[in-house]
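Let me begin by presenting the structure, written as structure tokens, before commenting on it.
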Amino acid sequence: MNLFSFNYLSFQKCTLAQKYALALYIQTQTVFKKHSFFLLFFGLLIGLVLLGFAMTPYDPVETNFLNRLSSPSWKNWFGTDQMGRDIATRILYGAGWSVGLALIVSTAGAVIGMIIGLLAGSLGRFVDGFCMRMTDSFFAFPELIAAIVITGVLGPNTVNMVIALILVSWMRFARLVRALTGDIKQRDYVVQAKLNKLPYYLILSRHYLPNIILSVVVIWTSSWSRTILSISGLSFLGFGVQPPQAEWGAMLLDGKPYMLTAPHVMIFPGIAVLVTVLILNLMGDHFRDHLQSSEK
Amino acid sequence: MTLNNFMRVALIKAISLILVLLGVSFLTFLLYYYAPGDKALAIANARYIGEGSASVELVEQIRLETGIDRPFFVQFYYWALDLIQLDFGVSLISQEPVSEIFISQLQETMELAVLSLLIGMSLALPLSLISVWKPKSFIDRFAIALSSIGAAIPSYWLGLIFIFVFAAKLQWVPAYGTGSLAHLILPASTLGLWVLTSQTRLIRSFLLEASAAPFLEALKIRGVGPKELFCRHIVRHAFVPFITMLGLDLAYLLEGAVIVEVVFARGGIGSLLVHSVMSRDFPIIQCIVIFSAVTYVTINSAVEIFQWFINPVSR
């Protein structure tokens with residue numbers, strides 16, 4: 001399909017797949033126009049991190065005892081830790097742990113929460129009551145306390161931490177999706193689709209999903225940044241990613257005893273967490289403002 | 001009629017509260033039941049520590065005694081029966097009653113929580129009020145910057161920085177331990193800063209939301225001055241969501257206390273939790289988990305009932 005000679009007649013002739021492709025194309029274009037600054041900034045940041053991976057001559061876990069706890073210099077930008085490992089390199093690799101794991105956790109949480117919220121909101125009263133009381137029960141445990149207990153009881157390692165964090169993060173999504181779905185259920189087009197005996201999965205994919213997805217994305221970004229804080233917090237307490245892996249919280253735990261003689265060991269991982277979470281929060285706020293202004 | 005209505009709402013709330021409490025205890029028991037490792041062996045080793053590994057007969061005896069080999073729902077029944085009587089059993093490690101250990105540690109956490117709440121709220125209230133009263137002023141910008149940076153600071157890192165600056169370099173206050181008020185200052189400021197930033201962000205957004213309400217236009221036309229408008233109408237309007245969120249934040253203060261207590265090596269519920277998870281002391285873990293969940297659920301219900309009285313819209 002040629003996009004430049006596009007008119008209504010040729011749209012009529014398109015297959016469904018082509019129509020979807022066109023809609024996607026137009027949407028990405030508007031997203032690029034509206035959020036060009038953010039996308040550029042984000043791309044630049046990712047590019048810098050990748051460049052760092054390519055340029056660094058050091059290994060994140062290999063020890064070098066001749067160069068222990070050296071201060072920041074041109075050779076080691078952020079200094080070295082108690083095992084002589086380059087902190088800048090470890091922070092770069094740590095970005096993979098924190099940001100990547102948090103992405104997995106928040107996405108899994110979003111999917112589970114969406115499924116439960118959709119079921120609760122679109123099916124009958126009994127399913128609704130059951131799902132929402134279950135959500136309330138999970139919600140009653142403070143996130144961090146539940147995560148500590150689950151990881152600790154199952155055995156402190158990365159996989160169990162991810163499981164625990166998924167278990168404590170899906171409720172926010174379920175509540176939001178339930179509220180939105182309950183609202184959509186009353187709308188005319190859903191009632192009509194039901195009267196027309198449209199199959200349930202089609203009602204879900206055509207009417208419910210497109211209406212909730214943007215709000216879910218907003219919560220998803222904030223859940224992402226919260227999870228980064230939780231992951232590094234759990235690792236700092238010793239329940240998450242275990243040293244010698246280069247996770248930011250684990251690095252802080254490792255460097256804590258050397259804090260007084262070599263403060264750079266603890267300062268830089270903390271700044272890494274701070275900056276990453278700040279950027280993600282700002283991105284989430286930006287999305288939310290955009291969503292609110294487009295709703296008006 | 002309204003009271004009748006209230007009874008109906010209260011009844012529905014009470015039923016859902018009971019269901020949630022049941023769910024909470026079930027989830028806690030589920031975790032205990034499916035925890036990996038032989039629990040009878042763990043109890044035997046903990047109880048007769050220093051006598052080498054426990055013998056097979058002893059483990060079997062403990063298994064019979066505690067009923068670990070019985071079916072899931074039988075165990076759940078007896079476990080819940082103990083729970084209703086607030087009998088949490090004895091610690092596997094020290095053999096002291098869990099409730100005694102818990103209450104002695106709760107006191108320290110409460111000290112920390114109350115002081116940090118005082119520090120945080122006494123700064124957050126004026127800051128957010130001034131920030132909305134004078135938009136785009138220096139204080140407004142400061143409040144915005146503070147709340148977005150504060151939401152991103154990892155509290156354990158902030159605690160370490162405080163220790164480094166105020167305890168190690170300046171030597172104003174002691175870094176670790178419990179006891180005097182001086183020991184409490186650094187942990188309470190760390191947690192208080194979290195309260196300050198999160199509350200500033202919330203109160204500010206509630207006030208902004210209230211000042212966008214359409215009835216304010218009508219009041220302005222009637223000749224209500226800006227001062228009266230702000231004090232009598234905007235602030236009062238923002239009060240309801242503020243109380244709601246404050247109730248929930250109180251429950252989350254416990255969560256913040258965990259990390260702060262560990263960083264500053266204080267006693268308290270948080271460090272008790274971390275230590276008992278490390279040593280797999282199940283009675284204590286259960287007690288803390290159930291306490292935190294019940295606190296949250298109770299505060300939540302109290303807030304809902306309070307809302308019913310204060311806000312006619314929710315009736």
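Letters go in sequence order (proteins before strands), and every chain restarts at 1.
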Report yes if the side chains of [X] and [Y] come closer than 4.5 Å at any heavy-atom pair, otherwise no.
| X | Y | answer |
| --- | --- | --- |
| A:Ile116 | A:Met171 | no |
| A:Phe139 | B:Asn300 | no |
| A:Asn160 | A:Ile150 | no |
| B:His275 | B:Ser271 | yes |

Next on the checklist: Does any backbone or side-chain atom of A:Asn281 lie under 4.5 Å from a heavy atom of chain B? Answer side chain, backbone, both or neither.
Outcome noted: side chain
Checklist entry - Which region of A:Phe239, side chain (C-beta onward) or backbone (N, CA, C, O), has a non-hydrogen atom less than 4.5 Å from a non-hydrogen atom of chain B, or is it both or neither? => result side chain
Next on the checklist: So which residue, A:Leu280, A:Val149, A:Asp285, ends up with the most heavy-atom pairs under 4.5 Å with chain B?
Outcome noted: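 The answer is A:Val149.
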Item to check | Check: B:Tyr33 ring centroid to B:Phe72 ring centroid under 6.0 Å | outcome: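 Yes, the ring of B:Tyr33 comes within the 6.0 Å limit of the ring of B:Phe72, centre to centre.
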Checklist entry - Does the pair A:Thr135 and A:Met132 meet the rule for a side chain to side chain contact (heavy atoms under 4.5 Å, CB included), with working shown? => result CA-CA 5 Å; A:Thr135 312; A:Met132 290 336 277; 4.1 Å; yes
Checklist entry - Would B:Gln199 and B:Ser128 satisfy side chain to side chain donor-acceptor pair (under 3.5 Å), going step by step from the backbone distance to the final call? => result CA-CA 9 Å; B:Gln199 290 299 319; B:Ser128 47; over 6 Å; no
Could you tell me whether a side-chain N or O of [X] sits under 3.5 Å from a main-chain N or O of [Y], the two making a donor and an acceptor?
| X | Y | result |
| --- | --- | --- |
| B:Ser211 | B:Leu208 | yes |
| B:Ser276 | B:Ile285 | no |
| B:Glu255 | A:Leu144 | yes |
| A:Ser169 | A:Ser106 | no |

Next on the checklist: Only heavy atoms, only distances under 4.5 angstrom. Which residues in residues 266-279 of chain A are near chain B?
Outcome noted: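 Under the 4.5 Å heavy-atom cut-off, A:Met266, A:Ile267, A:Gly270, A:Ile271, A:Val273, A:Leu274, A:Val277, A:Leu278 qualify.
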Checklist entry - Counting a contact as any heavy-atom pair under 4.5 Å apart, which residues of residues 219-230 of chain A contact chain B? => result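 Listed by number, the contacting residues are A:Leu229.
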Under a 4.5 Å heavy-atom cut-off, does chain A meet the side chain of [X], its backbone, both or neither?
| X | answer |
| --- | --- |
| B:Ile161 | both |
| B:Val263 | both |
| B:Phe282 | side chain |
| B:Leu31 | both |

Checklist entry - Hey, mind stepping through A:Ser98 and A:Glu247 against side chain to side chain donor-acceptor pair (under 3.5 Å) and telling me if it holds? => result CA-CA 7 Å; A:Ser98 300; A:Glu247 201 276 338; 2.9 Å; yes
Next on the checklist: With chain A as the partner, which of B:Leu158, B:Val289, B:Val297 has the greatest number of non-hydrogen pairs under 4.5 Å?
Outcome noted: B:Val289
Next on the checklist: Please identify, among B:Val262, B:Leu160, B:Thr28, the residue contributing the most non-hydrogen atom pairs under 4.5 Å to chain A.
Outcome noted: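 Of the options given, most contacts go to B:Leu160.
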Item to check | Worked check of side chain to side chain contact (heavy atoms under 4.5 Å, CB included) between B:Trp79 and B:Ser25 | outcome: CA-CA 9 Å; B:Trp79 181 84; B:Ser25 53; 3.8 Å; yes
Item to check | CE/B:Met278: more than 12 non-hydrogen atoms of other groups inside 6.0 Å | outcome: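 Atom CE in B:Met278 is packed in, count exceeds 12.
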Checklist entry - Above 12 or not: heavy atoms from other molecules or residues under 6.0 Å from CZ of B:Phe164? => result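 Buried by this count: over 12 neighbours within 6.0 Å.
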Show me the donor-acceptor pairs within less than 3.5 Å that the side chains of residues 13-22 of chain B make with the rest of the protein, sequence neighbours left out.
from, atom 1, to, atom 2, distance (Å)
B:Lys13, NZ, B:Glu304, OE1, 3.4
B:Ser16, OG, B:Lys13, O, 3.2

Item to check | Presence of salt bridge, A:Arg125 and A:Asp128, under 4.0 angstrom | outcome: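 Answer for the salt bridge query: no.
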Next on the checklist: Checking an interface table here. Which of residues 146-156 of chain B come within a heavy-atom distance under 4.5 Å of chain A?
Outcome noted: B:Ser148, B:Ile149, B:Ala151, B:Ala152, B:Ile153, B:Pro154, B:Tyr156
